[in-house]
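Throughout, protein chains are lettered first and strands after them, A, B, ... in sequence-line order, and every chain is numbered starting at 1. Model, not experiment: these values are computed from the prediction.
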Amino acid sequence: MSKYTFRSIEEKWQKYWAENQTFAAKNAVDQPKFYVLDMFPYPSGAGLHVGHPLGYIASDIYARYKRHKGFNVLHPQGYDSFGLPAEQYAIQTGQHPSKTTRDNIARYREQLDRMGFSFDWAREVRTSDPDYYRWTQWIFIELYNSWYDPDLNQARPIQALIEIFESEGSAGLKQTMDALESDFDVAQWKNFSDLEKEAVLSHFRLTYLAESEVNWCPELGTVLANDEIVNGVSERGGHPVVRKKMKQWSMRISAYAQRLLDGLDQLDWPEPLKESQRHWIGRSSGASVCFDVAGHSDQIEVFTTRPDTIFGVSFLTLAPEHELVSKITTSAQAKAVEQYVEATAQRSERERMADVKTISGVFTGAHAIHPLSGAEIPIWIGDYVLAGYGTGAVMAVPCGDQRDFDFARHFDLPIPNIFQNIEVTQEAYTLKEPCVIDNSEFLNDLNYAKAFKAAIEALEAKGYGKGTVNFRLRDAVFSRQRYWGEPFPVYYKNGVPRMIEFEHLPLTLPEVSAYLPTEDGDPPLGRANLWAWDTAECKVVSLDAVDHQSVFPLELNTMPGWAGSSWYFFRYMDPKNQDEFAGKEALDYWGNVDLYIGGSEHATGHLLYSRFWVKFLFDRGFISVDEPFNKLINQGMILGESAFVQRSKDGKTLVSAACAKDKEVQGVHCDVSMVSVNNELDLEAFIAWRPEYQNATIIKEPDGSFKVKREVEKMSKSKFNVVNPDDICDQYGADTLRLYEMFLGPLEQSKPWSTAGITGVHGFLKKLWKLYHTGAQDGFLVNDEAPSPEALKVLHKTIKKVNEDIEQFSFNTSVSTFMIAVNELTSLRASQRAILEPLIVLMAPYAPHIAEELWSKMGHNSSVSGQPYPVFEPKYLVESSKTYPISFNGKTRFTLELSLELSKDDIEAAVMADARTQDQLKGRMPKKVIVVPGKIVNIVG
RNA sequence: GCAGAAGUGGUGGAAUUGGUAGACACGCUGGACUUAAAAUCCAGUGGACAGUAAUGUCCGUACGGGUUCAAGUCCCGUCUUCUGUACCA
C-alpha cells in the first residue's frame, strides 16, 4: 500500500506552482474578477508563528474556491516594511534597516511558501521600495495640492480655491471649525505676500504644516497619532506620552468625517468594527455658543450638546491649555493660575487619565456674560476639560452634567435647578427624557426637543451661537522624527514648504550616521550629508550648498507607518507601472477589494486612513471606487498556551503543578517545546536552559513525573509559548496545518493553540490517501464503473454542505464534512472516478498539495486549480421515504415510514389512519395535528 | 461607566436559523494486531434510574420566568466571561 508521503508531495507541488505561475492573475480579461486580500504583514525579526497564517489560510481557501467557480482571482501578498519596529530592530542589532528588512522578508517568504498559499508573487509590493514609495510621495503631493470644498462635498485642486480668492475673496466660503481669522476681499488677497498667501492656503490644504499640540513620546523620540496611543502610553513599547507643541505635517481627515461615517452603512463589515469607527469619528450634534468676557473684546466659544440647559449655566470652564487663559486672568489670580497651568502641563497623559477622580481647578478672576440672561458668570480653569475636543471650553451646567456638578460641589459654586420636579441636590440629572425645563425664561415648560430648538433659535437671532455638529475625529499628525519611513517630497524656501516636481521622484532615503533620534526630537535625517534640494539641478545635494541661490533644505521628518499601507491594495493591480500608481484599465477592472481579511486592531488606524485616502483619490478622479474594502472579516487571534514551572519564592524548590495547591509558589515561564501534551516537563532540558535551578529541590508527582501549569496568553517570544509553523509542516505537513487551523474553531473567534487534536486531522488525510488506493498493492485504484446511489448521495451531500460552508466562511465545519464523507466512502468502498474526482476538486482549496497529487494520479497533467467546481444535483439526495417521529403533545411515541411524495394533508390522513395513532388517542378526537413536511408530526390531544 | 459579543459533555466545538441537542475531532475506557511499544483498526463514551439483555423512562444547552404543539435558538429579568472604549461637554 502506497504511503502518504506529505513532505515530498508538498515540495513537488510548491515547486510546480512557482514554475508554472499557476496563480498569476490576468489583468482585464473577459472573465468576472474577484479580489481577495490579506492585511499585509510587518516583517518583524521574530518570523511567523502559527497565529499569523490563520487569516492567510482562510483567504487562500476562498481564493482557490473562487478560481474553481470561474473567477479571475487577484490574491496578492506583500510587506508593510517601513515603520517603527523595523527601525527599533535595526537599532538593537546595529544593522541598516534596509538589510534587516530584506532578511526578515526572506524569512517570511520562506515560511509562507511552505504553507502552499496561492499568492501571485509576481505582484509583490514592499512599502519601503523606492519604486513603491515614489507613489506614496505622489499622493502626498496631490493631497497638498487639494482642498475640501464643503459646497460640492468633495476634494478639488487647490488651484480652484486660488481662483475663488482671486475673483471673489474669502467671504463666500462655507467654513469649518478650522476657520480663517478674518475674511479678505480680492484686493487684499492680491496684496498678500507669498508667505501670507501660503498661510491662508494651509487652512485648506488636505495636508498642511501647522504648529500643533502633539503626542510626544520622548522614549521613542517621535510624535504619535491618536490611534498609536493606548491608555496614555505608546502602543509600541508602552512608553509615556506627553503633549507638546511642534511644527508638524497633518492630514485633514476631519474634512471627511461625515463621509467616513456615512460610508460605513454600505460596507459588509463586522458590526463591532463599524461601531468602533463610528465612535472614533464621534459625531455629536448640538450648538456652539459664544460668551462675551466682561471687560475684554474676546469671546469664549463653547460646544454643547445640551443647548436646552443654557439657563442652568453657572460658570465656564476652560482647558488649562486654552489660548485665552493668560489673557483674561486677573492679576489677583495670575499666580494661582500660572501654577495650576504649569502643574497640569507636567503631568503626562497617563497620569491625567489614571487620576480622573481628583477634582482640580482654579478661578481666573474673570467673568463671562450669559448671552441670553445677561448674568455675570465666573470663568474657571479645570483639567477635566480637554483642549483637544470641541473648543477646549465648556459651559458648565452642574444640574445636568455630573462632571460639572462634581466641580461645582468641590469649589462651592452654585447649582441652579432648571428641571421641573427633579431633585438635583445629590447628583446631576443627565437624562434628556423625561424632563421639562424650568427657571429658564422662554424655555420654561418645554421638553428636551423643543427647548433644544428654541434655545438655538434664540442664540442665532442674537448672533451668539448656532446649531453645529462636532466630531471627535482629529486631524492626523503625519510627521515622524524617524529614519525608516518615506521622506517627504518637500523642501523649504524662505520657510515656505514647496513640493518637489513629480518627475524627480522618488526622493530616496539618504545614508545617515546613526538611526536613533535625539530625545528632544531632532530627526535622524538631519545627520545626512546630502539632504538639500537643488532646484536648478533637480537633485539632492549637500546641505553645505544651501548658501547657493537654488539650494534649499529638505524636510527632515519622514512619513508614519500608515502612509504606505493606505493605498497598497491599488498597487497590486498594476505593480510594475512606471507612469502611474496603477493604470486606469487595471483600476477599473479590479475595482476594490471584494474580501479583506485581517485583525480588528486596525479599526481606528489603517482601516480609517485607507478609507480617507481612497475617498480622496476618488474625488480627484484617479479611481472609480470610493471605498477600499467591500467585505471584511476579522480573524480571531491564536493565543499561546504558556507553561509555568512552579517554584518557591526563594527559588530553591521546584514543585510539580498538582502538588503545588496549598504551597506558596510562583510561576516561571518555561519554553513550551520542553513540555509534552500531558503537561509533563522535560526537567533535564529545563535545567540545562535555566542552570540557576541546578541545585534546587524538586518535588515530583507520586508517579515520578513533573508537571507544569498551563495558562493562555498572547503568543510571544518573551512568553516562550511560540509555536513555529515550520515545525508543524515538518511533522505533519502543510495540508494538515491548513486543515487543523481551520478545524480549531470559527474563524472570527480567538482561541488558544493546542497541538492536542492535530493527529485527528492528520489521520484524516491518511484515510483520504488510502481511499484512493483501495485494494491495489501499490497503486491507485480508480475505476470507471457507474457509482452506487449511496456513494452519489454522500458526494452530493458533501458538495452541498461544503459550498454552503465556504460561502458563510465556516471553514471549521467543512473539515468535519470531509471527514464524514471519507469515512462513509471508505465503508462503501467507493472507488469510482465519478465520485473520487469531484471530491478532489472539492478538497483542493483546503488541502491543495494532496489534491494536486491525487489529481495527477488520476491521469491529469494540469493543475487541479481552476477546475470547475462540482455541481450539486438535488436528485441524488431525494429519498423515497422518510421516517417521521409521531408525537403526542410533544412527546414522541413511535415513528412512521411515509413517502416523501405525500402532501401535508396526505401525511395527516396517513398518520390518523395508523393503528398506533388510534391506540394512543383512545377514541378521543385530536384537537390539532401539526405536520411540518419532511420533519415532524405532532398530535395534540 | 458606556458599547459590542458570548455562556452547550472532561476539552475544541456542531445543530439545515423554532423541529429527534451534543455532529466531527481530541481525551478517556475496553478490545484486536504485537515478545513489547509506536502506528493502525474496531467498539463504548452527557447524567440519573430500571432491566441479564435488546431497550425503556426521566433530567439536561449559565440562572429565573414567559411565548409556542415544539426553545440551545424568540421575549423579559439576573449572573458570569471576554473584546473594544473611556473626563467627548
Side-chain angles (χ1 to χ4, degrees), chain A residues 1 230-232 270-280 282-284 286-287 289 302-306 309 316-317 319 352-353 355-359 382-386 388-397 400-404 406-407 430 470-474 600-601 603-604 634 636-637 677-678 739-740 743-746 748-764 766-767 770 800-801 804 810 812-821 823 883-885 887-892 895 926-932 934-941:
Chain A
M1 175 85 60
V230 180
N231 294 328
E271 203 48 46
L273 192 82
K274 288 204 220 176
E275 267 312 301
S276 105
Q277 281 209 357
R278 284 193 192 104
H279 182 258
W280 190 261
R283 184 187 199 273
S284 53
V289 184
V302 303
F303 174 76
T304 179
T305 54
R306 297 294 302 273
T309 63
L316 297 188
T317 315
R352 207 162 144 172
M353 286 169 81
D355 177 37
V356 293
K357 290 199 180 67
T358 320
I359 295 162
D383 71 355
Y384 80 96
V385 178
L386 304 175
Y389 183 76
T391 60
V394 300
M395 56 175 230
V397 183
D401 183 284
Q402 193 57 43
R403 291 154 306 168
D404 295 342
D406 294 339
F407 196 84
T430 56
N470 193 35
F471 290 96
R472 200 183 87 110
L473 184 68
R474 309 280 83 194
S600 57
E601 66 273 19
T604 52
N634 292 130
M637 208 191 311
V677 179
N678 55 13
L739 284 171
Y740 184 58
F743 185 69
L744 226 42
E748 280 152 289
Q749 202 172 294
S750 286
K751 54 234 156 190
W753 174 267
S754 142
T755 318
I758 202 166
T759 51
V761 172
H762 189 60
F764 156 71
K766 286 195 212 165
K767 276 188 215 163
K770 240 182 176 173
K800 184 166 185 272
K801 185 69 167 60
E804 286 165 1
S810 39
N812 54 329
T813 49
S814 15
V815 179
S816 298
T817 308
F818 287 129
M819 290 182 178
I820 296 167
N823 280 339
T883 308
Y884 285 85
S887 52
F888 293 85
N889 293 329
K891 289 176 186 171
T892 307
T895 57
K927 275 190 197 149
K928 216 162 140 194
V929 180
I930 299 129
V931 178
V932 181
K935 279 174 184 166
I936 197 162
V937 179
N938 192 11
I939 299 164
V940 186

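Across B:rA89, B:rA25, B:rA86, the shortest atom-to-atom separation from the side chain of A:Met819 is found for B:rA25. Of the candidate nucleotides B:rC88, B:rC24, B:rC26, B:rC26 has the atom nearest to the side chain of A:Thr759. Taking every side-chain heavy atom of A:Thr813 into account, B:rA15 is the closest of B:rA15, B:rG13, B:rA89. Here the side chain of A:Asn812 is nearest to one of B:rA14, B:rC41, B:rA89, namely B:rA14. Residue A:Tyr389 has its side chain nearest to B:rC88 when only B:rA23, B:rG13, B:rC88 are considered. Side-chain atoms of A:Ser816 lie closest to B:rC24 of the nucleotides B:rC24, B:rA86, B:rC87. Closest to the side chain of A:Ala756, from the set B:rU40, B:rA14, B:rC26, is B:rC26. Taking only side-chain atoms of A:His279, from C-beta outward, the nucleotide of B:rA25, B:rU85, B:rU40 with the closest atom is B:rU85. Of the listed nucleotides (B:rG84, B:rC41, B:rA89), B:rG84 has the atom at the smallest distance from the side chain of A:Ser276. When distances run from any side-chain atom of A:Glu275 to the nucleotides B:rC24, B:rA3, B:rA89, the shortest one goes to B:rA3.
Residue A:Lys801 is out of contact with every strand shown, counting any heavy-atom pair closer than 4.0 Å. Within 4.0 Å (heavy atoms only), A:Gln749 reaches sugar-phosphate atoms of the nucleic acid but no base atom. As judged by a 4.0 angstrom heavy-atom cut-off over every strand, A:Pro746 is placed among residues touching the sugar-phosphate backbone only. In this structure, A:Phe743 reaches the bases: a heavy-atom distance under 4.0 Å links it to at least one base atom across the strands shown. If you check every strand for non-hydrogen atoms under 4.0 Å, A:Lys767 touches sugar and phosphate atoms only.
Taking the C1' atom of each, B:rU83 and B:rG10 are spaced 27 Å apart, rounded to whole Å. Nucleotides B:rA89 and B:rG4 place their C1' atoms 24 Å apart, quoted to the nearest Å. Of the P atoms belonging to B:rG9 and B:rA62, the separation is 8 Å, rounded to the nearest Å. Rounded to whole Å, the separation between the P atoms of B:rA71 and B:rG65 comes to 15 Å. Distance check on atom P: B:rG72 versus B:rG66 gives 15 Å, rounded to whole Å. Across the C1' atoms, B:rG47 and B:rA32 are found 31 Å apart, a figure rounded to whole Å. As rounded to the nearest Å, B:rU45 and B:rU11 have C1' atoms that lie 14 Å from one another. Comparing B:rA15 with B:rU20, their P atoms sit 13 Å apart, to the nearest whole Å.
In B:rG9 the base sits syn relative to the sugar, since the glycosidic angle is no further than 90° from 0. Base orientation of B:rU40: anti, the glycosidic angle falling outside 90° of 0.
The minimum heavy-atom distance between A:Ala396 and A:Thr317, with the atom names listed, is CB-OG1, 4.2 Å.
For A:Lys751 (side chain) and A:Pro746 (main-chain N/O), a donor-acceptor pair under 3.5 Å exists by modelled atom type.
The phosphate of B:rC88 (OP1 or OP2) has no side-chain N or O of A:Arg283 nearer than 4.0 angstrom. In this model, the phosphate group of B:rA25 is approached by a side-chain N or O of A:Asn823 to a distance below 4.0 Å at OP1 or OP2.
Ranked by how close their nearest RNA chain B nucleotide is to the 5' end, A:Gly760 and A:Pro752 are led by A:Pro752. Heavy-atom nearest nucleotides on RNA chain B were determined for A:Arg472 and for A:Lys800, and the one closer to the 5' end corresponds to A:Lys800.
Distance, A:Asp383 CG to B:rC88 P: 13 Å, rounded to whole Å. Rounded to an integer number of Å, the gap from CZ of A:Arg403 to P of B:rG1 is 17 Å. The distance from atom CD1 of A:Ile820 to atom C1' of B:rG22 is 13 Å, rounded to the nearest whole Å. Rounded to whole Å, atom C1' of B:rG4 lies 13 Å from atom CG of A:Asn634. Note: CG (A:Asp404) to C1' (B:rC87) measures 11 Å, nearest angstrom. For A:Ile758 and B:rC26, the CD1 to P distance is 12 Å, given to the nearest whole Å.
With rounding to the nearest 0.5 Å, the separation of CG in A:Leu473 from CZ in A:Arg283 is 13.0 Å.
Looking only at side-chain heavy atoms (C-beta outward), A:Gln749 and A:Leu744 stay at 4.5 Å or farther from each other. A 4.5 Å side-chain heavy-atom check between A:Tyr740 and A:Phe764 finds every atom pair outside the cut-off. Between A:Met395 and A:Thr309 there is a side-chain heavy-atom pair separated by less than 4.5 Å.
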Inset, instruction - Could you give me the CA-CA distance, side-chain angles and deciding distance for A:Arg278 and A:Glu275, then say whether salt bridge (charged side-chain N to carboxylate O under 4.0 Å, His left out) is met? - result: CA-CA 5 Å; A:Arg278 284 193 192 104; A:Glu275 267 312 301; 2.9 Å; yes

